[in-house]
Amino acid sequence: MILGGGILVFVVLTILPAMQSSAELDMEIKKIKISMDEQKILNPVYNNLLKKTKFKKTKGIAASKKKKLAQGDTRKIIQRLNNIAKNSNITLVDVTPDVDTLIGGSGHLLINIVAKGEFINLHEFLFQLCELPFLEFIEQIKITSVRKTKEFRLKVWMAQE
């Protein structure tokens, strides 16, 4: 009886906790295996994104002298923005100068830009936009997902005579 009780105490105190910790370790091993399988599946996608995000070395923004636009040069701005968008593989949907700032004589012109394209191409678009000699600042950039592409909404201020 004492021997049976000793064996029972031994089983309860040593073997059962070892079995429970073994079961917990088995669960952790399963979670790690699932995580490894997910990483094996997602690795090609990750490598593809890395390839897309490797930018060409940019020359930086040239510190050109700031110029002001003449009153009638709004068409030239739109043409320059179209060229920048074309070079950046972005499609301009709408370029609208703000009428109040156009007429107001404040010395600044607000332009609302709506464009579509891949997010990766926005980097090049912004760099070329910042090289414009009459750009004062970019007030706002909104990025929204539209199906497979992104839509970019920018508020850009230009210096104007």
Side-chain angles (χ1 to χ4, degrees), residues 21 23-161:
S21 66
E24 290 173 4
L25 288 174
D26 287 342
M27 290 299 290
E28 279 189 52
I29 290 171
K30 285 181 183 178
K31 287 180 184 177
I32 291 172
K33 282 184 180 180
I34 290 171
S35 175
M36 288 173 57
D37 290 340
E38 288 175 350
Q39 289 179 7
K40 284 179 184 176
I41 291 170
L42 294 175
N43 191 31
V45 174
Y46 176 74
N47 288 334
N48 187 18
L49 286 174
L50 275 179
K51 286 179 187 175
K52 284 184 176 181
T53 57
K54 287 186 180 177
F55 297 112
K56 300 173 190 171
K57 287 195 173 185
T58 57
K59 59 185 181 271
I61 298 174
S64 61
K65 288 188 174 183
K66 294 291 183 183
K67 296 179 183 175
K68 291 187 175 188
L69 288 169
Q71 286 285 2
D73 286 348
T74 54
R75 287 185 184 164
K76 290 181 183 178
I77 296 172
I78 294 171
Q79 289 173 345
R80 297 260 319 252
L81 291 174
N82 278 325
N83 290 338
I84 290 171
K86 187 183 286 186
N87 292 340
S88 304
N89 294 324
I90 287 182
T91 306
L92 285 183
V93 177
D94 187 31
V95 178
T96 310
D98 185 51
V99 177
D100 293 335
T101 59
L102 188 63
I103 298 171
S106 64
H108 292 63
L109 173 64
L110 173 64
I111 298 178
N112 295 306
I113 301 170
V114 180
K116 286 186 180 180
E118 290 190 33
F119 182 75
I120 292 172
N121 297 332
L122 180 63
H123 177 262
E124 183 66 27
F125 179 78
L126 289 175
F127 259 106
Q128 290 184 27
L129 184 66
C130 289
E131 289 177 347
L132 292 175
F134 37 80
L135 176 73
E136 283 294 312
F137 60 92
I138 299 172
E139 179 182 331
Q140 184 179 58
I141 300 174
K142 285 186 181 180
I143 302 170
T144 55
S145 292
V146 178
R147 296 186 187 167
K148 292 184 179 181
T149 63
K150 303 284 186 215
E151 181 179 82
F152 313 111
R153 293 182 177 271
L154 292 91
K155 287 187 177 182
V156 178
W157 288 88
M158 305 285 179
Q160 178 182 329
E161 292 178 347

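Atoms considered below: every heavy atom in the structure, side chains included; atoms not considered: hydrogens, waters and symmetry mates. Source: prediction; values computed, not measured.
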Fill in the blank from the handout: side-chain contact (heavy atoms from CB on, under 4.5 Å) filter on Asn83, not counting sequence neighbours, yields none
Problem - From CA spacing to verdict: side chain to side chain contact (heavy atoms under 4.5 Å, CB included), Leu92, Leu81 - result: CA-CA 8 Å; Leu92 285 183; Leu81 291 174; 4.0 Å; yes
Could you check whether any side-chain heavy atom of [X] comes within less than 4.5 Å of a side-chain heavy atom of [Y], counting everything from C-beta outward?
X: Leu110; Y: Val156; value: no
X: Thr96; Y: Ile113; value: no
X: His123; Y: Phe127; value: yes
X: Ile90; Y: Ile84; value: no
X: Ile111; Y: Leu154; value: no
X: Val95; Y: Val114; value: no

Fill in the blank from the handout: Result for side chain to side chain contact (heavy atoms under 4.5 Å, CB included) between Phe134 and one of Lys68, Gln160, Arg80, Lys76 points to Arg80
Problem - Check against side chain to side chain contact (heavy atoms under 4.5 Å, CB included), Phe152 and Leu122 - result: CA-CA 8 Å; Phe152 313 111; Leu122 180 63; 3.9 Å; yes
Handout entry: CZ/Phe119: more than 12 non-hydrogen atoms of other groups inside 6.0 Å
Key = no
Handout entry: By side-chain hydrogen bond (donor to acceptor under 3.5 Å, both in side chains) - contacts of Gln128 (at least two apart)
Key = Glu124
Handout entry: Which atom of Asn121 lies closest to which atom of Ser88, heavy atoms considered
Key = CB-O, 3.1 Å
Problem - Over all atoms of both residues, closest heavy-atom pair of Cys130 and Leu135 - result: CA-CD2, 3.6 Å
Exercise for the section: Take Met158 and His108 through the side chain to side chain contact (heavy atoms under 4.5 Å, CB included) test and state the conclusion after the steps. Expected result: CA-CA 6 Å; Met158 305 285 179; His108 292 63; over 6 Å; no
Fill in the blank from the handout: Residue set satisfying salt bridge (Lys or Arg N to Asp or Glu O under 4.0 Å) with Lys67, at least two apart, ordered chain then number -> none
Problem - side chain to side chain donor-acceptor pair (under 3.5 Å): pairs with one or both residues in residues 148-157, sequence neighbours excluded - result: Glu139-Trp157, Ser145-Lys150, Glu151-Arg153
Problem - side chain to side chain contact (heavy atoms under 4.5 Å, CB included) between Asp98 and Leu109, worked out - result: CA-CA 7 Å; Asp98 185 51; Leu109 173 64; 5.6 Å; no
Taking only distance into account, with no hydrogens and no angle test, what donor-acceptor pairs under 3.5 Å do side-chain atoms of residues 24-31 form with protein atoms, sequence neighbours excluded?
none

Would you mind writing out the side-chain donor-acceptor pairs for residues 35-50 within the sub-3.5 Å range, not counting sequence neighbours?
from  : atom 1 : to    : atom 2 : distance (Å)
Asn47 : ND2    : Asn43 : O      : 3.4

